[in-house]
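These notes concern the structure reproduced below.
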Amino acid sequence: MSNRKVEKLASIDAQLRLLAPAKVSEDDKLIEYDALLLDKFLDILQNLHGEDLRETVQECYELSAEYEGKHDPKKLDELGNLLTSLDPGDSIVIAKAFSNMLNLANLAEEVQIAHRRRIKTKTGDFADEALAATESDIEETLKRLVNKLKKSPQEVFDALKNQTVDLVFTAHPTQAVRRSLLQKHGRIREYLAQLYVKDISPDDRQELDEALQREIQAAFRTDEIRRSPPTPQDEMRAGMSYFYETIWRGVPKFLRRVDIALKNIGIYERVPYNAPLIQFSSWMGGDRDGNPRVTPEVTRDVCLLARMMAANMYFSQIEDLMFELSMWRCSDKLRLRAEELYRSARRDVKHYIEFWKQVPPTEPYRVVLGDVRDKLYNTRERSRHLLAHGFSDIPEESAYTYIEQFLEPLELCYRSLCACGDRVIADGTLLDFLRQVSTFGLSLVRLDIRQESERHTDVLDAITQHLEIGSYREWSEDKRQQWLLEELSGKRPLFGPDLPQTEEIADVLDTFHVLAELPSDCFGAYIISMATSPSDVLAVELLQRECRVTKPLRVVPLFEKLADLEAAPAAMTRLFSMDWYKNRINGKQEVMIGYSDSGKDAGRLSAAWMLYQAQEKLVEVSKKYGVKLTMFHGRGGTVGRGGGPTHLAILSQPPETVHGSLRVTVQGEVIEQSFGEEHLCFRTLQRFCAATLEHGMNPPVSPRPEWRQLMDDLATYSTEEYRSIVFKEPRFVEYFRLATPEMEYGRMNIGSRPSKRKPSGGIESLRAIPWIFAWTQTRFHLPVWLGFGGAFKKAIEKDAKSLLMLQEMYKTWPFFRVTIDLVEMVFAKGDPGIAALNDKLLVSDDLLEFGESLRNNYVETKNLLLQIVGHKDLLDSDPYLKQRLRLRDSYITTLNVCQAYTLKRIRDPNYHVKLRPHISKDGPEPSKPADELIKLNPTSEYAPGLEDTLILTMKGIAAGMQNTG
């Protein structure tokens, strides 16, 4: 390298250090971690692609940092000129480099957060108030309930062991990072943390340093782009991999920590192994709402695959348990069981009685567990055969079919150990194993089935027309209910094989046949999306009976849009008043509320308030009819889809709506953020359990009547403004499609489900995920904030005292505070300057004024929000989060600019740029390492390199926002 280039690079490196955000405290390691990873990555980049390309990356970063400092749009133009002058192969490398740097920045952040939590653990206090506000430590929660709220330890224990948190994994297409990369990221995170352990030896440091270098290079060399969309089976395998890696062993470890926390408040009894504290369900392979790739065959496959996985994990542990339980003292009942099994196994031995007298079994636990091992093997192999061939030679009786069969010999061993004075041994590995069996069962997770209500209407309409009694679709709601109840109360079959069936009708009925075919413990709930009325629920009940589902799934209506949420209490009142239905549910009902479509329908503010009120009213209805209600929250990862810190989300729910029973979806990239590492898994389980317990035993305050009235007004104003722009403004759809990468979203191949429920249609047919994703990419986040500003402005204009009331609500009402805090965080991630650049490059001239009006609305809304929270600048109350976001900004800005200019080149064939010679350490010769990347996507309809560059920017921005949908 020439002296001039060395000096220039040194100068740029120094500027980068100056532009980096300052430390916010002496114990903050974030800048140090990020600098280490960045330096290593830039060295790798230079080794692979030359010093000139490293210099280009650093120049891009410098221009981005200068823009972030003063928000001068000229810096974006300079950055755009630099990026568009690159050779196509080098554009890919630049986009890939910044995407990687953002992922490394995220890893540095995660290691720093873990470091601060270790400080909290040692000192017994949180490192800052912001961290405390988003955490739920189980031991601290128990102590607070006993010491501050004066609950008795027994009260706390009874509430804890009877509560249920069911985490539902969904395959929504929001995980933009490939699984192979996630694994490499996990190792980078681990090596980085180990490098900063105290008293590390020089040799260990050098070894870790080399390993870190290796993993960073391996991640950079891995293709980030999925070249074909995943199948539902692929999504299921990816989701289930978290059980192998963290959840399987994480659950018993967490429950042991709960036992210790109980002991510290004076309860010396362990949480019973069959207490439903944590449960897991899945939609992967069961969510067929708008996804034609989820067929009955797929549902059958994923159930069998999950059973095979569960049996395999149990089988891998059972021999360790046999090795541990080598003692000979046992109860008479266990010895008798061991003798029976031993005798059965030795039937081929002559003179067996004499043999038995001479050689009695001296290790009865191993004999009993050996039989468990053999049946687990048969269970695994039988599932494997059914999955591969549709049949198995292994008889059903030689395998486990129901969980009770599996638990019985384990419980026998546990009771025997306790009876013989070996409880300390029973409460070791055997207790962990029992807790795993109780949590995961034979099916690993219970699969929910989700289908849109209209698909059931299609089937019933075909049936009634075949029976020549009219068109079910044209009947009134009352007539539908009457007919459905008559059929449910009777016994006659409704249809036979002669029923005329379209492909769609056959798909619905075949799904019910799969429910009848497979063991009932494979399944959880049947979710009806877009539910509007009682007949939607009764229809599924009738179809389950007609298809001979012997143990019918509980039927859960999903109320999503604003009007449906408003009508939900009346619908459930009608159902609960039906004798047939009341007998069917046995005093328990689950209702799902949708955050995604309600937000898309009316905006975040109106949706949040309607969801709050709907829950209150549903609880009232349930209490009136003596029904225990479980709320199922369909939350996404982003604020626009109900996302946010778990602790705050739970504690801000209305009083009595959690009540020890909670179901919630864990979607897309949130699964990795929650369960990607062992410590993340522990924190997630702790947050859900502790917050659920606290909400039940220390409910949040109810809003005062004047607050309710103001919220009603705000919701009305907000809905009016939101819908006037999104649904009534004739320019909006065109503007949305031009100003965002919505049309290009599908090229990421990050999910098996289409982005629309229907192939044609506008915003109303677009799924909530791509709707949120597109606005997140431009850092404009319109679905989150639109409507807030107009509502605040009108309320304050109507009554000047409203501002004081809003400030009071923010300080004292958890629901309102969480709602506003999340919007503040989104504003901190936003940048209207990027949206303006997209408009300048991508939007037609006649729409520029419309875009400018939206940006003015953005600024006005932000300023009103700051008045309410009492901050001079965004995130003044959370300097740690502010620093983390600032650290990412310059990386994201480069990708934003690269994306905007790439979209310009894709959409405008007449747009030409003057390319620089190819950048490489070998010069502009035929050997061009960067151009090799173009060959990975030779069939793209775009000019060489453009599609991959675009997708890499989308993935990188998603990593920077830490949300995709």
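- Between the CG atom in Leu842 and the CD atom in Gln899 there is a gap of 9.0 Å [rounded to 0.5 Å].
- With a 4.5 Å cut-off on side-chain heavy atoms, Tyr901 and Val897 count as touching.
- Counting heavy atoms from C-beta on, the side chains of Asp43 and Lys40 never come closer than 4.5 Å.
- Contact check for Leu104 versus Ile188: side-chain heavy atoms found under the 4.5 Å cut-off.
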Mind running side chain to side chain donor-acceptor pair (under 3.5 Å) on Tyr735 and Glu729 for me, showing each step along the way?
CA-CA 10 Å; Tyr735 175 80; Glu729 167 57 61; over 6 Å; no
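- When all heavy atoms are compared, the tightest approach of Leu82 to Cys60 is CD2-SG, 3.6 Å.
- Ring planes of Trp785 and Tyr858: perpendicular class, angle over 60° (limits at 30 and 60°).
- A donor-acceptor pair is defined here as one N or O able to donate and one able to accept, closer than 3.5 Å; such a pair exists between the side chain of Lys904 and the backbone of Leu841.
- In this structure, Asp34 CG and Phe41 CZ are separated by 12.5 Å, a value rounded to the nearest 0.5 Å.
- Between Ile671 atom CD1 and Thr170 atom OG1 the span is 6.0 Å, to the nearest 0.5 Å.
- Glu190 and Gln194 share a donor-acceptor pair across their side chains, judged by distance under 3.5 Å alone.
- Using a 30° and 60° split on the angle between ring planes, Phe780 and Trp775 fall in the tilted class, from 30° to 60°.
- With a 4.5 Å cut-off on side-chain heavy atoms, Leu63 and Glu68 do not count as touching.
- Under the salt bridge (Lys or Arg N to Asp or Glu O under 4.0 Å) criterion, Lys862 pairs with no residue, sequence neighbours left out.
- Counting only residues at least two apart or on different chains, the ring-ring contact (aromatic ring centres under 6.0 Å, His included) pairs with a member in residues 69-109 are Tyr67-His71.
- Taking the side chain as every heavy atom from C-beta outward, Leu946 and Pro88 never approach each other to under 4.5 Å.
- A donor atom on one side chain and an acceptor atom on the other are found under 3.5 Å apart for Asn857 and Thr861.
- Counting heavy atoms from C-beta on, the side chains of Asn100 and Ile216 never come closer than 4.5 Å.
- A salt bridge links Arg779 with Asp889; the closest basic N to acidic carboxylate O contact falls under 4.0 Å.
- With 3.5 Å as the limit, one finds a donor-acceptor pair spanning the side chains of Thr894 and Ser64.
- The structure places CD of Glu66 at 11.5 Å from OH of Tyr61, a figure rounded to the nearest 0.5 Å.
- Between Asp948 and the options Ile92, Thr902, Asp223, a side chain to side chain contact (heavy atoms under 4.5 Å, CB included) holds for only Ile92.
- Note that CG of Leu76 and OG1 of Thr893 are 7.0 Å apart. Values are rounded to the nearest 0.5 Å.
- You'll find the side chain of Met954 reaches within 4.5 Å of the side chain of Pro741, heavy atoms only.
- With Asn106 contributing its side chain and Gly960 its backbone, the two residues share no donor-acceptor pair below 3.5 Å.
- The number of heavy atoms from other shown groups lying within 6.0 Å of CZ (Arg731) is above 12.
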If you apply the rule side-chain contact (heavy atoms from CB on, under 4.5 Å), what do you find for Leu950 with Glu947, and how did you get there?
CA-CA 5 Å; Leu950 176 63; Glu947 180 167 353; 5.7 Å; no
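- In this structure, the side chains of Lys75 and Glu78 come closer than 4.5 Å at one or more pairs of heavy atoms.
- Put simply, CG on Asp845 and CG on Asp839 are 11.0 Å apart, with the number rounded to the nearest 0.5 Å.
- When only modelled atom types and interatomic distance are considered, Arg905 and Thr84 share no side-chain donor-acceptor pair under 3.5 Å.
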